[in-house]
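Below, chain A is the first sequence line, B the second, and so on; all start at residue 1.
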Amino acid sequence: MIKEALNTVSDLWSLMVGLRVTKDYFRAPQVTVRYPWKAVSNIATYKGHLELVGGKTGKPKCISCGMCALACPSNCLTVVKRKPPKPTPEEEQALAEAKAKGEKPKDKTPKDPEKFIYDFTLCSLCGTCMENCPVGALDFTGSAYLAGYSREDFHFDLVQLLKNQAGLEGMDASAAPETGQSEA
Amino acid sequence: MTTYQNNDHLAGDFYTQNFAKTAGEGNLILNLGPQHPSTHGVLRVVVELDGEYIMRAEPVLGYLHRMHEKMAEVKTAAQFIPNMGRVDYGHALGWNWAFVGAAELVGGIEVPERAEYIRVITCELNRIASHLLWWGAYLLDLGAFTPIMYAFDDREKILDILQDPTGSRLTYSYYRIGGVAKDLSADCIRRIQEFIPWFRSRLPMYKDLVSDNIILRKRIEDIGVIEQEVCRRFGATGPVARGSGIKYDVRRAQPYSVYPKLDFEIPTSNLKCARGRYDVRMAEMEQSLRIIEQALEMMPEGEVLVKGAPKPSWKVPKGEGYFAVEGARGKIGAYVVSDGGKNIYRTKLRAPGYCNLSLFAEVSQGTILADAVAILGSLDLIIPEIDR
Ligand code: SF4
Ligand code: SF4
């Protein structure tokens, strides 16, 4: 009988202890962020979609080797190589002379890709392509806020994207709209 | 003249019809799911009810089947790693490890020591995150809403830490054959060091807020008693087996990586009921903290990926191998058979949840419907993992 009463008391006490925790947290500062008025601050290391890394000249570092497209498990990458440029008449003559001398003509084709098609809808952000690029020409953006109206909005030409970025002087075209101050 | 009436939709599908054949007179056949009975995936359980009591139950699987094993046959070993992060969203790194470990075993690849420690640290962090997810979601299923808010506050901190090396927050693809993709940064290590004492201080709060609470105790004590013999018969592992008093943990039973060097205990409980499994998981989080603490101290400097690590075109040499790791839900295994070709000939994935779920049919017999949901939740099922 006494034991039962004691049990009831201790049972009720367990509820009081729980309420104490609730009370403490009731007074504690808010831990959530009022998105979209404020942006979260922890996305610096987040992997967004892929981008090409520009070299010094602003052209992509990529040498169109196609390793990334081969390595990708989901076949999201297509590298379109540049066609050799049409030689001018002088060059053609020089070429013919060189050939007559038995020299191998130099390949003047620019190495950077004409197009670098990237289908973000298929990408699993695994990083395999990046790790297998011999020149480190690929990187992930930190853009976590990418959104679009249709499937096609996620088919990028990364060369074009890089150009746009350069035009906007380092601004990320797909970055978040103004989200105000980020929460510290 | 009779009007044609199509009542097919009332007759149920194959499973229901087959199940109903042996139903008792006047019993009700009910489908729990396939949307959301208690777990957070698409599981369906057909039950036969006599009033409130469950006479029979039969889980129906396959709604989340994604052919991971088949996909392994059309990809090279390195290309298959991203799949492993998606088998089980709760403990993605455990699956990463199982497959990578099997491929290393067959390929005879050594993993640098630092990478082994990084694997231990990240895998244990992921285990805590997984247990927190279960804890919050389980209590949510039982009708307590706020605990998940506390759990996600802490889990968020782990996700922030893991986001640094892995780059993602849930479906990690971080381990590589022969190491890990990226070293832990100094900032990341500092954050882990800060996290350990902080999370330790949170555990008593969890105890005060929920574990000791009389409502929870009355709710989960003595329901879903799983005998050891049942565990063994169905091959249950992880907290389900340990909650029944079986001291089986792959980290100790089939030691791998650097676990033998680390000092930790395997919590078990003899309660055998849902409460036992609950206690085991809560104690495991503490042990994981201990492991991380030691691993951080013992971690040597050095490479994180072995030199000449396999490229995506790497062919797994002819042979076969089985590698098991202790996941948050039990023994995760990967069996790799290679004929030396471009792709692995066959990969078999052992999901702990599959075995843990299969004993539900037996355990739920004779319980009331509301308890069945609490039992399902206490098994910590992640349906994508069960279906694979
Ligand atoms: S991140 Fe992975 S899936 Fe995405 S393009 Fe690169 S290799 Fe393909
Ligand atoms: S991004 Fe790298 S791997 Fe891909 S084509 Fe360019 S240079 Fe080759």
Side-chain angles (χ1 to χ4, degrees), chain A residues 6-26 28-33 40-50 66-77 122-134 139-144 183, chain B residues 71-72 74-86 144 146-147 149-150 152-154 156-157 159-169 171-174 176 181-182 185 187-188 191 202 204-218 305 309-314:
Chain A
L6 276 179
N7 269 350
T8 317
V9 171
S10 82
D11 291 352
L12 282 175
W13 180 244
S14 78
L15 295 180
M16 301 315 286
V17 172
L19 277 178
R20 202 195 61 224
V21 176
T22 312
K23 189 199 76 201
D24 290 350
Y25 277 85
F26 194 71
Q30 194 182 5
V31 290
T32 48
V33 177
V40 286
S41 57
N42 56 0
I43 52 168
T45 50
Y46 186 77
K47 285 195 288 201
H49 64 82
L50 281 177
M67 278 302 289
C68 51
L70 212 65
C72 174
S74 324
N75 290 331
C76 2
L77 298 172
L122 300 177
C123 176
S124 52
L125 298 171
C126 61
T128 312
C129 50
M130 212 177 93
E131 284 158 27
N132 286 288
C133 177
D139 201 358
F140 288 111
T141 57
S143 82
E183 186 98 323
Chain B
M71 277 165 92
V74 294
K75 289 179 185 209
T76 64
Q79 285 180 333
F80 186 58
I81 297 171
N83 278 60
M84 300 314 289
R86 278 131 184 107
T146 32
M149 297 295 168
Y150 292 89
F152 270 46
D153 186 10
D154 294 345
E156 197 69 9
K157 291 204 162 54
L159 297 191
D160 281 351
I161 291 170
L162 287 180
Q163 182 186 300
D164 191 331
T166 63
S168 24
R169 294 179 74 78
T171 50
Y172 309 115
S173 157
Y174 176 50
R176 295 286 180 270
K182 200 176 157 193
S185 65
D187 181 48
C188 181
R191 270 155 67 185
R202 295 277 286 191
M205 185 276 284
Y206 284 145
K207 189 168 176 304
D208 283 351
L209 183 71
V210 181
S211 307
D212 280 350
N213 188 303
I214 183 64
I215 305 173
L216 178 85
R217 279 185 0 223
K218 286 254 185 289
L305 194 62
K311 297 260 169 244
S313 55
W314 178 66

Is A:Leu12 close to chain B through its backbone or its side chain, or both, or neither, when contacts mean heavy atoms under 4.5 Å?
neither

N/O donor-acceptor pairs under 3.5 Å from side chains in residues 207-214 of chain B, not counting sequence neighbours:
| residue | atom | partner | partner atom | Å |
| --- | --- | --- | --- | --- |
| B:Lys207 | NZ | B:Asp212 | OD2 | 3.1 |
| B:Ser211 | OG | B:Tyr278 | OH | 2.9 |
| B:Asn213 | OD1 | B:Ile215 | N | 2.7 |

Heavy-atom pairs under 4.5 Å with chain A are the metric here; pick the option from B:Lys75, B:Arg217, B:Arg169, B:Arg176 that has the most.
B:Arg176

Steps toward side chain to side chain contact (heavy atoms under 4.5 Å, CB included) verdict (B:Arg86, B:Asn83)
CA-CA 5 Å; B:Arg86 278 131 184 107; B:Asn83 278 60; 5.9 Å; no

Side chains of B:Asp153 and A:Tyr25: any donor to acceptor distance under 3.5 Å?
no

Among A:Gly18, A:Ser124, A:Ser74, A:Pro73, residue most engaged with chain B (heavy-atom pairs, under 4.5 Å):
A:Pro73

Pick whichever of A:Asp24, A:Val17, A:Asp11 has the most heavy-atom pairs under 4.5 Å with chain B.
A:Asp11

Drop me the distance from A:Leu125's CG to B:Ser173's OG, to the nearest 0.5 angstrom.
9.5 Å

Side chain, backbone, both or neither: which part of A:Thr22 has a non-hydrogen atom closer than 4.5 Å to chain B?
both

Contacting moiety of A:Asn132, where chain B heavy atoms sit under 4.5 Å
side chain

By side chain to side chain contact (heavy atoms under 4.5 Å, CB included), B:Ser185 pairs with (sequence neighbours left out) B:Asp164, B:Asp187, B:Cys188

Hey, what do you get for OG (B:Ser168) to CG (B:Leu159), rounding to the nearest 0.5 Å?
10.0 Å

Side chain, backbone, both or neither: which part of B:Tyr150 has a non-hydrogen atom closer than 4.5 Å to chain A?
side chain

